Protein chains: 2
Amino acid sequence: MRQKKKSELLTEVELEFMTELWDLGEGTVRDVLDKLPEDRNLAYTSAATILRILEQKEFVTSRKDGKRHVFKPTLGKDAYQTRSLKDLSMKLFDDTPASLVARLVNDDALTEEALGQIRALVDRRLKNDSG
Amino acid sequence: MRQKKKSELLTEVELEFMTELWDLGEGTVRDVLDKLPEDRNLAYTSAATILRILEQKEFVTSRKDGKRHVFKPTLGKDAYQTRSLKDLSMKLFDDTPASLVARLVNDDALTEEALGQIRALVDRRLKNDSG
DNA sequence: TTTGTGAAACGAAAGTTTTCGTATTTACTC
DNA sequence: GAGTAAATACGAAAACTTTCGTTTCACAAA
């Protein structure tokens, strides 16, 4: 029997939808569809299908409100951010978060301001841990 | 006319192959295939197809060596790391690298040592920029 | 030159993701 | 209850990714 590949990661379109739901908190098919960019031009039924799939994969739950379904993430955006970073770090950075940050801070496009913010974050975390 | 979707990002299997090529520097179909995990069990022709696709997408070039083709990345691993981070940052972190790092350093699984390394990297970059 | 071995070329099957059409259901209004 | 507007349910087409089989080609050994 072939093992079902359960990736735990969102596909491109799934992520697009989850991003809207994270922003909305929760919402109907119509809510999400209306929130997509003007030029996205996705059929209503397509959007409904994506949400159905997200529910099958247990990334969202739904409740009924009158005749509509209201969808709500079961996984927080922060948790998914962590999961994605872990995946990227594993696949492309030898599972060494420091080397990921190294690549990031060596990016010329990164502003001085962003660098300062990053250091502040790291410092705060180090202080909290030790003190 | 429909715009060809040119993603610039590697698919799962493409990344798997590029990773081996980055490690090898360059290599033949056989070289890459032999480098995959024991239990990968991919047919030779499948590997050849992936490399052919990577060449079509211009992620690698090939030269002939006797009767075999030797494949070589056109894009460095570091450049692709940067590209991936930019993509992730855009899709999941509001295009704000600092918030990506914030998520990373807030991950409880991150060791004190890794944190120290990260701060050192940031400090070094800040010093170099100003002095 | 024939023959054997391993590689390349190519197309297409199999698997997954994305999109949509059709049919049905629901709630509301008269 | 019949009409209607909007939502859901479901299947399947379309698009993309992954895998492989068959045929052709290149080189070397007899």
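Heavy atoms only: backbone and side chains are in, while hydrogens, waters and symmetry mates are out. We name chains A, B, ... by the order of the sequence lines, and we start the count at 1 in each one. Source: prediction; values computed, not measured.
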Output the rounded distance in Å from [atom1] ([X]) to [atom2] ([N]).
X	N	atom1	atom2	result
B/Leu54	D/dT19	CG	P	13 Å
A/Arg68	D/dA5	CZ	C1'	13 Å
B/Gln56	C/dG11	CD	P	11 Å
A/Lys64	D/dA9	NZ	P	7 Å
A/Leu51	C/dC20	CG	C1'	15 Å
B/Glu12	C/dT17	CD	P	10 Å
B/Leu10	D/dC16	CG	C1'	15 Å
A/Leu36	C/dT19	CG	C1'	13 Å

**Message:** Parallel, tilted or perpendicular: which one describes the rings of A/Tyr80 and A/Phe59, with boundaries at 30° and 60°?
**Reply:**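 Perpendicular.
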**Prompt:** Less than 4.5 Å apart, any side-chain heavy atom of B/Leu126 and any of A/Glu112?
**Reply:**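 Yes, side chains in contact.
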**Asked** More 5' along DNA chain C: A/Ile50 or A/Gly66, using each one's nearest nucleotide?
**Response**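 Looking at DNA chain C, the more 5' nearest nucleotide goes with A/Ile50.
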**Message:** With nearest nucleotide decided by heavy atoms, which residue, A/Lys67 or A/Phe17, maps closer to the 5′ end of DNA chain C?
**Reply:**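 It is A/Phe17 whose nearest nucleotide is closer to the 5' end.
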**Prompt:** Which atom names give the shortest non-hydrogen contact between B/Gly25 and B/Pro73, and what distance separates them?
**Reply:**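 B/Gly25 and B/Pro73 have their closest heavy atoms at O-CD, 3.3 Å.
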**Message:** Taking the basic N atoms (NZ, or NE/NH1/NH2) and the acidic carboxylate oxygens, is any pair closer than 4.0 Å for B/Lys91 and B/Asp87?
**Reply:**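 Salt bridge between B/Lys91 and B/Asp87, a charged N being under 4.0 Å from a carboxylate O: yes.
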**Prompt:** Between B/Glu8 and B/Lys57, does at least one N-O distance fall below 4.0 Å, as a salt bridge requires?
**Reply:**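 Looking at B/Lys57 together with B/Glu8, the answer is no, because their closest N to O distance does not fall below 4.0 Å.
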**Request:** Give one of base, sugar-phosphate or nothing for B/Leu42, where a contact means two heavy atoms less than 4.0 Å apart.
**Result:**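 Sugar-phosphate contact only.
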**Message:** Taking any heavy-atom pair under 4.0 Å as a contact, classify A/Ala43: base, sugar-phosphate, or nothing.
**Reply:**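 Sugar-phosphate, no base atom in range.
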Please tell me which of the listed nucleotides, [options], lies nearest to the side chain of [X]?
X	options	answer
A/Thr45	C/dA9, C/dG21, D/dA7	C/dG21
B/Arg40	D/dT8, D/dT19, D/dT18	D/dT19
A/Thr49	D/dA7, D/dT18, D/dG11	D/dG11
B/His69	C/dA9, C/dT17, C/dA27	C/dA9
A/Val13	C/dT19, D/dT18, C/dA8	C/dT19

[N], OP1 or OP2 - any side-chain N/O from [X] closer than 4.0 Å?
X	N	value
B/Ser46	D/dT18	no
A/Arg30	D/dA7	yes
B/Arg52	D/dC20	no
A/Tyr44	D/dT8	yes

**Request:** Only counting residues at least two apart or in another chain, list the ones meeting side-chain hydrogen bond (donor to acceptor under 3.5 Å, both in side chains) with A/Glu55.
**Result:**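 With sequence neighbours excluded, A/Glu55 shows a side-chain hydrogen bond (donor to acceptor under 3.5 Å, both in side chains) to A/Ser62, given in chain and number order.
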**Prompt:** Residues in side-chain hydrogen bond (donor to acceptor under 3.5 Å, both in side chains) with B/Ser89, at least two apart?
**Reply:**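 Applying side-chain hydrogen bond (donor to acceptor under 3.5 Å, both in side chains) to B/Ser89 gives none.
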**Prompt:** How sharply is the helix from C/dT1-D/dA30 to C/dC30-D/dG1 bent, taking the axes over five pairs at either end and rounding to 10 degrees?
**Reply:**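 Comparing the axis at each end, I get an angle of 20°.
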**Prompt:** Under 6.0 Å from the CG atom of A/Asp95, do we count more than 12 heavy atoms belonging to anything else shown?
**Reply:**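 More than 12 heavy atoms, drawn from other residues, nucleotides or ligands, come within 6.0 Å of this atom.
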